[in-house]
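Working notes for the structure below.
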Amino acid sequence: MEETLGKKKAVRKSKKPARQRISWSLIKSQKQLIWMSVPLTLYIILFAYVPVWGWTMAFQNYKPARSFSQQDWVGFKHFKFLFTDDDFLRVLRNTIGMSLINLVLGFVTAIVLALLLNEIKKIVWKRTVQTISYLPHFLSWVIVTGIVATSLASDGIVNDVLMKLHLIKEPILWLSEGKYFWGVVGASHVWKEVGWNTIIYLAAMASIDPALYEAAEIDGASRYKKMLYVTLPGIKATIVILLIMSIGHILDAGFEVQYLLGNGLVVDWAETVDIFVLKYGIAQGNYSLATAGGIFKTVVSVTMLLLANQTAKRLGEERLL
Amino acid sequence: MGGKSGALLRLSLLMVLAFSVVLSGCGGSKNAGSSTDGSKGSTEQAETGSNDNKDGKDGKVEPFNVSVFIGEAGQQPTPDNKIYKKIKDELGASFNFEFLAGDINQKLGVMIAGSDYPDLMTGNTKLTAAGAFIPLEDLIEKYAPNLKKHYADYWNMMKDPSDGHIYVLPNYGVYNGKLNSTWYSGPAFWIQKDVLEEAGYPKVKTLDEYFDLIEKYKEKHSTIDGSPTIGFEILNYDWRNWGLFNAPQHLIGHPNDGGVVVKDGVAEIFADKDYAKQYYKKLNEMNDKGLIDKETFVQNYDQYLAKLSSGTVLGMFDQHWNFQNAENSLITQKKDNRTYVGLPLVYDSSTKDYYRDRSPLNLNNGFGISVNAKDPVKIIKLLDSLITEDWQKTLTWGVEGEDYIVNEKGRFMKTQEQRDKFTDGTWKLANKADALFSYLPKIEGSFSDGNATDAAAQPEEYQAGLKEYDKKFLQAYGYNSYVDFFSEPPENPVYYPAWTIDLIEGSEAKIVNTKLNDLSTKFLPKAILAKPADFDSVWGDYTSQIGKVNVKAYEDRINEQIKWRIDHWSK
Amino acid sequence: MTMDNRKLSPQRSAGVAMKPSSGMGRLEPALFHTFNSVFMIVLVIVTLYPFLNTIVVSFNAGNDTIRGGIYLWPRQWTLQNYKAVFASGTIYNAFWISVARTVLSTVLNIFLTTMLSYTLSRKEYIFRKPITVIFVLTMYFSAGLIPGYFLIKDLHLLNSFWVYIFPSMISAFNMIVIRTYIGTIPESLVESAKIDGAGDFKIFMRIIFPLCTPVLATIALFVAVGAWNSWFDAFLYTSSKQDLSTLQYELMKLLSSSMNSNNNPNVAAGVGMTQDSAISLVTPLSIRAAVTVVAAVPILVVYPFMQKYFVVGLNVGSVKE
């Protein structure tokens, strides 16, 4: 395979060096790296970037039955609709609120669980816990929210337990109050995904050099100290990178959970940008609005991503870009 | 963009193929199997496509394949399904079904964008607007005498309001002969049979009487089978919102027109009207008395069904099919007295109830032939054959002797075993052609020999299936069936029903409709749960929010269409 | 590949490296251990319950499930729900299609993504930054449904098995995770290989790829689960070809149709229904449970198999010497 790769001449022949640093000899010496990555880059450009011509839809009244030249151009009409709607700020607040809660809860619980799992000595028990904890990931949100709703009902297990512990005097209707809603959504996410989210950290922990633990032990470090000074730094790069990537997803609070758990009484706290765009976009056959919503989210995402990356750089942490 | 991306593609595909050959021994071979399957399928299609010779008149049927898109979920029939086999043997047609699972708007978007249509598609205003269907008038005139006769009285109603062509053949709403009605699945205020029984089988006409009965019963029985009694349930979950929204129009004696009430041919929304306020104020009072389930607005559909099937819920406003499963469960538990009767309540006993209607023509439903169909003539002829009485009997009752029996009087009946089979989904996949039949033009009412077109509507069948408890119950009222609780529906107004009016995708009217629904979802629960003293202020907020929405755009669109219908549909 | 790995990294199980720390007193570790065990038991109960409940519901008569109150044991045992799932017979073929796409996707993804990650981990690589940016951005935008469809159509991938494979051969997220992991592998390894005259492709194949086992096990799991669970491509691109349908899409159709049969106002079900026939009815609730079990069980067996690679970490320290 190496041979075949070597035989073909570099694809960039026609291209003049863009910067001075990129010299011919450098390209030649890196031709294997180029062969290993440039075709894949062309591939991703084809599948992810080429279809972006479709963003023109956001500036049209797109009708799928018409060809490109027959579409009506409407400028920023759909963006205007989005930003001037009375509900928009509210759904934006909800989206960011729930997203942040999910982000923080998701990270903290997964890392803590991964650390604790790592401390289990019996291998069989460790594997069992791991396997079981990620089971809920395979259930659909319909099923999970169904169980959540039943548990939170006035005669559900949550109220039962709280009553038995005398923490509350009468059952609370958790899903009838806006102030609980974000918490319920956050907790549901943790329940469903915490096990799954630990997988990546456990894999990162596997790469920590055992010699470091040994050295720490010789120094008489306690279990906590080892966790704090060996394990955690060992997976810090992974944590930082995942965090940067997640911050870019700040507007992806989703819609399914909110849709399934929401109701008229909490709608002011439950509706997200995604739900809003679905309701006035796809559900109305308005693909243009859906596209405009997508563009808005992309702009915010990329901005947040760059900010996060920049911050990490300034703090001297691992960077994404 | 074809050429440029093509080059890019070849480059990266080459690369990938090279790797996949090297890497994926097992995956590759599996995959080769399935791709040959795929190509076999397409040659098959090509064959049937080229197969448009003259129709084989000399008794021999020429086989042909029809690809069908069903815009709803469904299941593939088994390959040896006996009805499809019969159709293939006698009419030559076999079907390739594509069912929808997922969002119809997304699927139609890409189908339309790519003009990727199969031969037959179920109706949808998006498809019609995109020009995906061919006009059918001439085809029917020339090749389909049976269909022409079938739709004769409905011809003008089937025409598309925007260009006057017929694109879709409505699947329901064409009646023939006597309409046997033994079953009501529409909207009503439902009440547990035991409540009526205990009150001595009263005739309940008004909303006040209804809640009085519930209140008294609940006072007397604070629990049912150990669980607390629930007076009244209101379901408003996702798209199942009529439990909260729709009652007011019926209470003033109007039929179900969706979000509007039509008076003298003019439609207006009723959400903010005084007669709506009257209903929600009543609910507010009932809530204050503890008759309404505390959790009613936070429950999901499953929780709602769970409560109903526990037998503790005394009443609700709903459509029967929506809680059918709960009732089946009550029957299984032998709690026949906990099942429900529908009552057509009004505010004022002088108002005539109008819940039950004559089923209107099911516009924008049923099959249309797509512009991609290679041989529309063949397809329309097939549909024409299937509307004949013999085929209709096969499609609804099944095969004589196997699926039903004919008694000495020529009446169609079923044995208990045959009835049971018809409730078994697994059996149906092999022995019924429901996927097709649901969307085919069909005869409703009765056949020329007097038998009902639907086994469930055959009076003998209904009586045979009636349980002792219900027999006694109906006897007490002197009724034959539960339908008799409702007034005989008058002739439908010409435009009826307004809810089938297409609001047009992305139009102001459609957006307003969404906004109105949102406001009702948000404010009505608040109003009902408010302290009685606060009701008026919440209601005030609600109506002032409605005032900010462009209701006129919504009403205008409906009125324009009502006028169009009156102009074009009047005989 | 795993052979190489063994050579470089002697087995290490999490427990072995930890000797009880001597100086800090006996109480603390014991307390920690108790706390950890209790926590894990609670976790197991909480995360096992929803799945267990789903299994129980799938074996309970649909008509009875509707009443609610099914927790850990069926009230009315039945196989009816599974019979309904297997009734139309289309899911057998769909199962094999799903297996084929999952295996193929996983193999391709692992190889291509790791190769790309390696090149982007090389600090000297001239296109490192632009290519990284190109890939990372793909996580934050989508061109939209219709342009994506046009691309697939233009590439003649409609109604083809390959539409399950080609559009998703590389994931930017996985690329970043692997790149981060490669970053923890000592540079000295690559350098010494270079001195020995090895090219980048050879270094990747011989050194990096085998050393990535733990993270590749993770990524394989992500890709496999993603490929197994996806249905949207079948819905959009192959829905008119029954013999290309995937297990998830078939199950989804089944589920929607079970909900649909009750939603059709024109179906006057239940008329003349006796107690016996009512008992045998399936409901959306019970079908959903059976569908979930059928969909999840085949993929669940993958994880325990992957787990051994998490524990067999690489002992980088020993390589350095």
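Lettering of chains follows the sequences in order, A, B, ..., and the numbering in each one begins at 1.
Options A:Trp125, A:Tyr49, A:Trp196, A:Tyr287 differ in how many heavy-atom pairs under 4.5 Å they form with chain C, and the most are formed by A:Tyr49. Counting heavy-atom pairs under 4.5 Å between each of A:Leu242, A:Val144, A:Val142, A:Val194 and chain C puts A:Val142 at the top. Highest contact tally toward chain C, considering only A:Val240, A:Leu320, A:Val129, is held by A:Leu320 [criterion: heavy-atom pairs under 4.5 Å]. Most heavy-atom pairs under 4.5 Å with chain A, from the set C:Tyr118, C:Tyr49, C:Phe141: that is C:Phe141. The candidate from C:Phe135, C:Phe51, C:Phe39, C:Phe35 with the greatest count of non-hydrogen atom pairs under 4.5 Å with chain A is C:Phe135. Across C:Asn36, C:Ile219, C:Leu48, the residue that shares the most heavy-atom pairs under 4.5 angstrom with chain A is C:Asn36. With chain C as partner, the option from A:Ile295, A:Leu113, A:Thr150, A:Val300 having the largest number of non-hydrogen pairs under 4.5 angstrom is A:Leu113. Of all the listed residues (C:Leu120, C:Thr132, C:Thr138), the one sharing the greatest number of non-hydrogen pairs under 4.5 Å with chain A is C:Thr138. Among the candidates A:Ser29, A:Ser133, A:Gly195, A:Pro64, the residue making the largest number of heavy-atom pairs closer than 4.5 Å to chain C is A:Ser133.
Between C:Phe173 and C:Phe222, the ring-plane angle classifies as tilted under the 30° and 60° cut-offs. Using the six-membered ring where Trp is involved, A:Tyr134 and A:Phe138 have ring planes that are perpendicular, over 60° apart on the 30 and 60° scheme. Using bins of under 30°, 30° to 60° and over 60° for the plane-to-plane angle, the ring pair A:Tyr224/C:Phe32 lands in the perpendicular bin.
Looking at A:His249, the atoms closer than 4.5 Å to chain C (heavy atoms on both sides) sit in the backbone and in the side chain alike. Contacts between C:Ile152 and chain A at a heavy-atom distance below 4.5 Å involve the side chain alone, from C-beta outward. Residue contact with chain A, scored on non-hydrogen atoms closer than 4.5 Å, involves the backbone and the side chain of C:Val46 alike. With a threshold of 4.5 angstrom between heavy atoms, C:Thr54 approaches chain A through side-chain atoms but not through N, CA, C or O. Only the backbone of C:Ser168 comes within contact range of chain A, with heavy atoms under 4.5 Å apart. Heavy-atom distances place no part of C:Tyr149 under 4.5 Å from chain A, backbone and side chain included. A:Ile147 touches chain C through its side chain: at least one heavy atom from C-beta onward sits under 4.5 Å away, while N, CA, C and O do not. With a 4.5 angstrom heavy-atom cutoff, C:Val225 touches chain A only via side-chain atoms. Heavy-atom distances place the side chain of C:Leu43, and not its backbone, under 4.5 Å from chain A. Looking at A:Ile44, the atoms closer than 4.5 Å to chain C (heavy atoms on both sides) all sit in the side chain, from C-beta outward. Using a 4.5 Å cut-off between heavy atoms, A:Ile241 touches chain C through its side chain atoms alone. Looking at A:Leu305, the atoms closer than 4.5 Å to chain C (heavy atoms on both sides) all sit in the side chain, from C-beta outward.
Residues forming a salt bridge (Lys or Arg N to Asp or Glu O under 4.0 Å) with A:Lys297 (at least two apart in sequence, or on another chain): A:Asp252, A:Asp274. Applying the salt bridge (Lys or Arg N to Asp or Glu O under 4.0 Å) test to A:Arg319 and every residue at least two apart in sequence or in another chain returns nothing.
Within residues 291-299 of chain C, the residues approaching chain A closer than 4.5 Å by heavy atoms are, in numerical order, C:Thr292, C:Ala296, C:Ile299.
Each side chain to side chain donor-acceptor pair (under 3.5 Å) pair with one or both residues in residues 121-130 of chain C, not counting sequence neighbours, appears once here: A:Ser37-C:Tyr125, C:Arg122-C:Glu124, C:Arg122-C:Glu187, C:Glu124-C:Lys194.
The shortest non-hydrogen separation linking A:Ala203 to C:Pro214 is CB-O, 3.9 Å. In this structure, A:Thr231 and A:Tyr213 approach most closely via the heavy-atom pair OG1-OH, 2.9 Å. The two atoms that bring A:Ser140 and A:Lys192 nearest to each other are C-CE, 4.2 Å, heavy atoms only. Closest of all the heavy-atom pairs between A:Val52 and A:Ala48 is CG2-O, 3.5 Å.
Annotation for A:Leu306: atom CG counts as buried by contact number, over 12 foreign heavy atoms lying within 6.0 Å.
Taking OG1 from C:Thr119 and CZ from C:Arg179, the interatomic distance works out to 10.0 Å, rounded to the nearest 0.5 Å. Going from atom OG1 of C:Thr180 over to atom CE of C:Met175 covers 9.0 Å, rounded to the nearest 0.5 Å.
In this structure the side chain of A:Thr291 never reaches within 4.5 angstrom of the side chain of A:Tyr62, judged on heavy atoms.
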